[in-house]
Number of protein chains: 2
Amino acid sequence: MNQATRIPRGEARRRILDAALNVIRAQGYSATSVDDLCKAAGVTKGAFFHHFASKEELGVAAAQHWSDMTGGLFAGADYHRHADPLDRVLGYIDFRRDILAGEVSEFTCLVGTMVQEIYDTHPDLRAACNRTIASHVATLVEDIRQAREMHAPDADWSAESLAWHTQAVLQGAFILAKAKGGAAIAADSVRHLRRYVEMLFAEAPAE
Amino acid sequence: MNQATRIPRGEARRRILDAALNVIRAQGYSATSVDDLCKAAGVTKGAFFHHFASKEELGVAAAQHWSDMTGGLFAGADYHRHADPLDRVLGYIDFRRDILAGEVSEFTCLVGTMVQEIYDTHPDLRAACNRTIASHVATLVEDIRQAREMHAPDADWSAESLAWHTQAVLQGAFILAKAKGGAAIAADSVRHLRRYVEMLFAEAPAE
DNA sequence: TAAAAAATACCAACCAGTCGGTATGTTGTA
DNA sequence: TACAACATACCGACTGGTTGGTATTTTTTA
């Protein structure tokens, strides 16, 4: 009967992955059933298990899909245009703050949500989430390293550890936003993060 | 047959709550079934639903129980002995860092884990988690306010926002620890937080 | 027409929650 | 102080519905 709404052949997998991004961010991984995903994607269960051997495998693929989507978003953002690497780092932080708008489920992180629930019960999915976070961290490290060499070469912290710290602040900010029911508290935390980075690179040279 | 292992009358409720703290932190809220909780607590399903009208109501009670347990832990810690409020704030941060040891599920936060999953689907439980975090934040605000007045009265941030920021860092650090499978990365982030607080209160007066 | 892609129908295990009933107090009263 | 009346705590089999996953059939396209 609903021929008009039939989905084009070959698109089921992508539609399931796109649906997973939204549904899992709103409901969590465990509370999201395969049927929920099929309904949101507009496909049948048969199509689902044709493309994914299990729910966990979908989760792993969704983590990679999230990595691809957000990777494109950040790669295309224009904070990269700054000549000074510190401006690129601060531009990244500002970009993250600007994103904090609208519904909570729209700006929070898929892999942060998933790994919170499944880290001890689904090793492969945990590893996939870790890969996604680590690959995003890797895109920050080079700018931070350059900024450190230029502005704070003797600092007692590593570029890697600061890059991971930015992710800790963001992930924690998402949790507070979920608890309070709004983005404002998250933006406050990102502003503290910006101030911290400014101070790290503004310190007077050793006297 | 197992008369010896029968649990004393009146202890079922407490045992369920204690079990919930551990099981939910390890498996997440949604993935934890009522039967899981009953098994871990050594009680029957009948006892469970005698004390809690629903799984969500158990979650709400567990958030309060967590608040009571951790509230006692922090109230009894000896960073409160410092005369300078800044030392109390830094002592709190060090205390949080020292706690980061052992199994991930033993140092992570119950309400952070729960609210991540259920913020959009279980309003009462979300509110309970928010109350727990807010009440912990409240225990920090007074020390931060005093430290601010003493060391940085003209700062362009509020005591409340810094207190919430500490929780963002901690919650985010837990997520990274879950993703990476160890406490080390979390301790790194808490060290960044300490450095930030030190710098906030060490700034030279306006020139 | 062969093979991939998707739909349909179905299963056994499991889920949150219910129910009738028992064991163990606690309270009122003579 | 004895005992009836009642309340609380607990038990575990059971229910309707849902779960992740499978087996089979139909459709599409190369």
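Look at CD1 on A:Ile16: it is 14 Å from C1' on D:dG20, rounded to the nearest Å. For the pair A:Arg13 CZ and C:dA7 C1', the computed distance is 19 Å after rounding to whole Å. Per the geometry, CG belonging to A:Asp35 stands 12 Å off C1' belonging to D:dG17, to the nearest Å. Atom-to-atom, CD of B:Glu56 to C1' of C:dG17 comes out at 14 Å; the value is rounded to the nearest Å. The separation between B:Leu37 atom CG and C:dG17 atom C1' is 14 Å, rounded to whole Å. Separating the CG atom of A:Asp36 from the C1' atom of D:dG20 is a distance of 12 Å, rounded to the nearest angstrom. Atom CD of B:Glu11 is separated from atom C1' of D:dA9 by 13 Å (rounded to the nearest Å). Here the P atom of nucleotide D:dC10 and the CZ atom of B:Arg14 are 13 Å apart, to the nearest Å.
As judged by a 4.0 angstrom heavy-atom cut-off over every strand, B:Ser33 is placed among residues touching the sugar-phosphate backbone only. Using a 4.0 Å heavy-atom cutoff across all strands shown, B:Ser30 reaches no nucleic acid atom at all.
Salt-bridge check for A:Arg194 with A:Glu198: passed, with a basic side-chain N closer than 4.0 Å to an acidic carboxylate O. Under a 4.0 Å N-O distance rule, the pair A:Asp36/A:Lys39 does not qualify as a salt bridge. In summary, A:Glu142 and A:Arg145 engage in a salt bridge, as defined by a charged side-chain N under 4.0 Å from a carboxylate O.
Taking only side-chain nitrogens and oxygens, B:His50 never comes nearer than 4.0 Å to OP1 or OP2 of C:dT18.
Not a single donor-acceptor contact under 3.5 angstrom links the side-chain atoms of B:Lys45 to the base of D:dA13.
Comparing atom distances between the B:Thr44 side chain and each of C:dA7, C:dA6, D:dC10 picks out D:dC10 as nearest. With D:dG21, C:dA16, D:dC10 as the candidates, the nucleotide lying closest to the side chain of A:Ser54 is D:dG21. Closest to the side chain of A:Phe49, from the set C:dT8, D:dT22, C:dG17, is D:dT22. If you check C:dA16, D:dG20, C:dA6 against the side chain of A:Lys55, the one that comes closest is D:dG20.
Under the 3.5 Å distance criterion, with hydrogens and angles disregarded, a donor-acceptor pair is assigned to the side chains of B:Thr113 and B:Lys178. A donor-acceptor contact closer than 3.5 angstrom is absent between the side chains of A:Tyr92 and A:Arg88.
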